[in-house]
Each structure stands twice: as structure tokens, then as C-alpha cells.
Amino acid sequence: MADVTEAQVVDALKRIVDPDKNADIVSLGMVSGVVVKNGHVAFAIEVEPERGQALEPLRKAAEEVVHKLPGVLTVTAALTAERNVHGGPKGGAPQSAPQGHSDMLSMPGVKSIVAVASGKGGVGKSTTATNLAMALAQLGLKVGLFDADIYGPSMPRMLGISGEPVSPDGQSLLPMENYGVKCMSIGFLVPEDSPIIWRGPMVMGALQQLLRDVRWGELDIMIIDMPPGTGDTQLTMSQNVPLTGAVIVSTPQDIALLDARKGLNMFRKVDVPVLGLIENMSYYVCPKCGDEAHIFGHGGAKEEAARLSAEFLGEVPLDIEIRKTSDSGEPIVVSKPSSPHAKAYRDIAKKVWDKVQTIQGGGKKGPKITFE
Ligand code: ADP
């Protein structure tokens with residue numbers, strides 16, 4: 001079947017009339033960011049923040065009209081607002097209300113959700129999130145991995161998954177799966193080189209919609225690979241997704257530059273418990289002689305964690321094997337499970353799971369973990 005085109009989507013949306021303005025949403029310039037790939041359609045409808053709640057029926061109608069086009073498998077319409085989000089301690093609802101309301105997303109089958117965040121990009125956040133998810137799965141847990149790094153989705157590559165998610169009912173998506181971990185990423189739905197320019201509120205709308213539309217089933221823990229940094233998107237996400245806690249990945253340099261501290265402060269501001277800090281690219285192991293070189297200084301994260309009253313969860317060295325395995329879709333935890341690096345990730349995973357259980361009430365519910 002011929003793929004639906006952007007023009008067809010826009011054409012269909014001309015039938016949707018904004019009730020307050022008596023004109024269609026396309027002529028009013030409210031539709032933006034139309035993305036079409038193999039029958040999966042996503043777009044944003046820009047609204048004034050105060051009208052968010054009232055326009056939920058309009059959003060639904062827009063989805064329905066596009067869904068009726070031949071060749072359309074799934075439709076994701078997000079209401080977005082242009083204004084900036086200013087959160088604060090219990091700072092009220094964010095002004096950009098995804099899906100028209102600012103309610104906490106409800107994910108009934110998912111027992112715990114942990115965000116993996118970083119103060120900036122390139123510190124190995126996605127690599128850490130992936131290996132952590134694999135390590136949690138090796139502990140016998142049911143694990144999901146959600147790639148919220150919408151600016152650079154890397155999960156399809158890191159998990160070695162290609163192809164597209166299936167939608168049996170045209171409404172929800174089945175997660176992709178490899179190495180015993182269920183995964184969803186915007187990278188499965190849009191081409192890797194697609195020049196999408198996501199603006200803050202739109203990112204949030206699309207992410208929340210995607211998270212909600214996936215049939216995760218029962219999960220003990222979901223790991224969310226957050227977008228890098230501590231801007232509005234991250235803040236809104238921390239407010240609207242029921243996070244059990246967050247871990248912060250940083251490199252020794254990043255610790256020195258206080259970027260990690262920003263991440264920590266962001267989660268504290270929205271009352272999300274910080275489970276701890278992970279130091280990545282902590283030191284360099286010479287592949288020839290096994291010598292450890294502490295290029296950027298070492299142990300900074302441990303000291304910083306103590307200073308900030310956060311737990312230090314562990315350190316992972318800078319090692320070419322970690323890069324090669326994660327970039328080739330075989331994360332080191334699964335491809336070299338007996339390596340010291342895989343063990344480091346497993347130790348971190350165990351600490352994370354222990355903390356999650358403590359937060360959730362005494363560790364009575366989850367499966368018991370034993371270590372060799
Ligand atoms: P981020 O998600 O913070 O942007 P990535 O996880 O994508 O960072 O990592 C950036 C690059 O660094 C990737 O090529 C990855 O394979 C590599 N990398 C991450 N952690 C390590 C490590 N401990 N040792 C070697 N390379 C690493």
C-alpha cells in the first residue's frame with residue numbers, strides 16, 4: 001500500500017475546526033511538525049496554554065480524521081503551547097499541558113520508573129541506561145527501556161533492534177524487544193537522519209503520548225533515558241511521569257564543572273528522589289598493560305556525591321570495549337557478562353533496585369535478588 005503523505009495529513013486536518021475561532025486548524029497555523037513514516041503519523045497542534053484542557057476533544061478529532069486515511073497505522077497528535085515552563089517546588093501545573101492537561105501520567109502495569117539523566121550530552125548517559133537495563137534484566141526483573149532522548153535517539157542502535165513497532169489495533173504500539181528488555185524509542189518511528197526540530201513543549205507532548213501508547217505489560221522497572229541537560233523538557237517530564245527516582249551520570253570533568261549538580265537540583269526541586277550518582281569514563285584502562293590512568297582526576301563523583309548528600313552508585317572506566325559493544329548493538333553487559341565492566345554495571349543495578357524497593361516500602365514486593 002502506498003504510504004500516506006504529509007500533504008494528505010495536512011489536507012485531512014483542514015476538516016478540524018477550532019470551535020473558539022471558527023476556522024480550521026491548518027488555516028489558523030496551529031498544525032506543525034508533521035512527521036510521517038511508514039504509516040506512523042505524528043504532529044503537533046499549537047494552542048494557548050489556558051485552552052489546553054478544553055481542546056482535548058479537538059486533539060482526539062484530529063487524530064481520528066488522520067487515522068481514517070488509507071495506510072495510516074498510528075497517529076500521535078500532541079497539544080503544545082509555546083510559553084516556557086517555569087517549575088518550582090510544588091510550582092503549580094506546567095504551562096504547557098501535554099494532551100491538554102497536566103495530570104501525572106498513569107502507567108498501571110509499571111511498578112517503578114527510574115530516570116537516567118545527565119547535566120549535559122556526551123557523558124555516556126544512553127550507554128549507562130542501556131547497560132543498566134540489561135543488568136536489571138539479568139537480575140531476573142521485567143525491564144522496560146524508554147528512550148526519551150528525542151534529540152538523539154540511540155536505543156535502536158544500542159539494542160541492535162531494527163524495524164518498526166507493530167500496532168495490532170491501530171491505537172497502541174507493541175514495544176520492541178531484545179536481550180530480554182522491552183524498548184520504545186522515537187527512533188523506531190522516524191528516520192535517524194530526519195531533520196525534526198522539536199521545540200520544548202512539543203517534545204514533551206510527543207514523549208508522553210508515546211510513553212502512554214505503548215503496551216508495556218507488567219514491568220518491575222522501567223528505565224528512562226532522559227534527554228541530556230536540565231531544561232524545561234526534563235523538568236516537565238520529571239513532573240508528569242511518576243518517577244520512583246533518578247540517577248545522574250557524569251564524567252569527572254562534568255563533576256568539576258558542576259553540571260551534575262544541576263541535574264541533582266532539578267530532581268530535588270520537583271521532589272523526585274535522587275538514587276545517586278554514577279561516574280562514567282572514570283579512569284582509563286590501558287588495553288595493553290592493564291594500567292589505570294586517571295586522566296581527568298578520579299573519585300570526584302564520590303566526593304561530590306558526599307558533599308551533596310547523594311549516594312555514589314559506582315564508577316565505570318573509559319574503555320574502548322564499552323564503546324564498541326554499545327555502538328554495535330551488543331551492550332557489554334550481555335556480550336561480555338563476565339568482564340569487570342559488566343560486573344560494575346550489575347553492582348550499580350543492584351544498588352538501584354535496592355533503593356527502588358526501599359522507596360516503595362521495604363523491599364517486600366519484588367523478587368529477591370541473590371548474587372553469585
Ligand atoms: P550520552 O547519552 O550522554 O549523549 P552516549 O551514551 O551516547 O552519551 O555516549 C557517547 C559515546 O561515548 C558513545 O559512542 C559511547 O559508546 C561512548 N561511551 C560511553 N560510555 C563509555 C565508556 N565508559 N567507555 C568508552 N566509551 C563510552
Side-chain angles (χ1 to χ4, degrees), residues 114-135 145-161 179 181 183 185-187 192 198 203 207 223-231 233-234 237 246-255 257 259-264 266 277-288 290-302 312-336 339-349:
V114 172
V116 176
S118 64
K120 65 174 169 71
V123 302
K125 174 183 52 57
S126 302
T127 306
T128 308
T130 307
N131 278 294
L132 186 60
M134 305 288 149
L145 179 58
F146 183 71
D147 184 0
D149 193 345
I150 207 150
Y151 305 104
S154 47
M155 288 310 155
R157 179 173 44 86
M158 287 195 182
L159 267 71
I161 302 176
Y179 308 123
V181 170
C183 175
S185 163
I186 198 93
E192 209 167 330
W198 297 94
V203 173
L207 281 177
I223 296 293
I224 298 191
D225 183 17
M226 294 283 279
T230 52
T233 305
Q234 294 80 352
M237 184 124 190
V247 302
I248 302 193
V249 180
S250 52
T251 63
Q253 307 96 295
D254 162 46
I255 303 268
L257 294 170
D259 278 325
R261 187 175 290 200
K262 282 191 223 151
L264 212 112
M266 178 183 79
L277 248 65
I278 300 170
E279 187 171 84
N280 189 38
M281 312 193 192
S282 187
Y283 53 92
Y284 173 72
V285 187
C286 171
K288 294 210 179 85
D291 224 33
E292 285 183 13
H294 299 248
I295 304 172
F296 304 112
H298 174 218
K302 206 170 197 165
F312 179 66
L313 295 171
E315 60 194 17
V316 177
L318 175 68
D319 191 312
I320 185 114
E321 282 301 321
I322 295 178
R323 193 197 64 70
K324 274 199 210 147
T325 50
S326 90
D327 290 352
S328 66
E330 298 177 311
I332 196 152
V333 165
V334 287
S335 57
K336 300 199 164 139
S339 65
H341 306 330
K343 183 176 180 308
Y345 284 118
R346 277 197 302 273
D347 288 347
I348 293 171

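All ligand and atom numbering here is 1-based and tracks the order in the structure.
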For residues [X] and [Y], report the shortest heavy-atom separation together with the two atoms involved.
{"X": "Asp147", "Y": "Pro153", "answer": "OD2-CA, 3.2 Å"}
{"X": "Tyr345", "Y": "Thr128", "answer": "CE2-CA, 4.2 Å"}
{"X": "Met226", "Y": "Asp149", "answer": "O-CB, 4.1 Å"}
{"X": "Ser335", "Y": "Glu330", "answer": "OG-O, 2.9 Å"}
{"X": "Asn280", "Y": "Val123", "answer": "ND2-O, 2.8 Å"}
{"X": "Ala349", "Y": "Ala135", "answer": "CB-CB, 3.6 Å"}

Polar contacts were defined as any N/O atom of the residue lying under 3.5 Å from an N/O atom of the ligand; does this apply to [X] and ligand 1?
{"X": "Thr127", "value": "yes"}
{"X": "Pro317", "value": "yes"}
{"X": "Ser118", "value": "no"}
{"X": "Asp319", "value": "yes"}
{"X": "Ser326", "value": "yes"}
{"X": "Asn280", "value": "yes"}
{"X": "Val316", "value": "no"}
{"X": "Met158", "value": "no"}
{"X": "Val123", "value": "yes"}

Show the atoms of ligand 1 that are less than 4.0 angstrom away from any heavy atom in [X].
{"X": "Asp327", "answer": "13 (C), 14 (O), 16 (O)"}
{"X": "Leu318", "answer": "24 (N), 25 (C)"}
{"X": "Lys125", "answer": "1 (P), 2 (O), 3 (O), 6 (O), 8 (O)"}

Heavy atom of the protein closest to [atom] (residue, atom name, distance):
{"atom": "atom 17 (C) of ligand 1", "answer": "Arg323 CG, 3.8 Å"}
{"atom": "atom 8 (O) of ligand 1", "answer": "Gly124 N, 3.1 Å"}
{"atom": "atom 18 (N) of ligand 1", "answer": "Met281 CE, 3.8 Å"}
{"atom": "atom 4 (O) of ligand 1", "answer": "Gly122 N, 2.9 Å"}

May I have the step-by-step check of side chain to side chain contact (heavy atoms under 4.5 Å, CB included) for Gln234 and Met237, ending in yes or no? CA-CA 5 Å; Gln234 294 80 352; Met237 184 124 190; 5.6 Å; no
Determine whether a donor-acceptor pair (N or O, by modelled atom type, separation under 3.5 Å) exists between the side chain of Asp225 and the backbone of Ala129.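 Side chain of Asp225 to backbone of Ala129, a donor-acceptor pair under 3.5 Å: no, none is there.
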Nearest protein heavy atom under 4.0 Å from atom 11 (C) of ligand 1, yes or no: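 Within 4.0 Å of atom 11 (C) of ligand 1, no protein heavy atoms are found.
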Can you list everything that forms a side-chain hydrogen bond (donor to acceptor under 3.5 Å, both in side chains) with Asn131? Sequence neighbours excluded, please.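 Scan of Asn131 (side-chain hydrogen bond (donor to acceptor under 3.5 Å, both in side chains), adjacent residues dropped) gives none.
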What residues, two or more places apart in sequence or in another chain, satisfy side-chain contact (heavy atoms from CB on, under 4.5 Å) together with Ser326?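 Expected list: Thr127, Met158.
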Please walk me through it: do Leu277 and Leu264 pass side chain to side chain contact (heavy atoms under 4.5 Å, CB included)? CA-CA 9 Å; Leu277 248 65; Leu264 212 112; 3.4 Å; yes
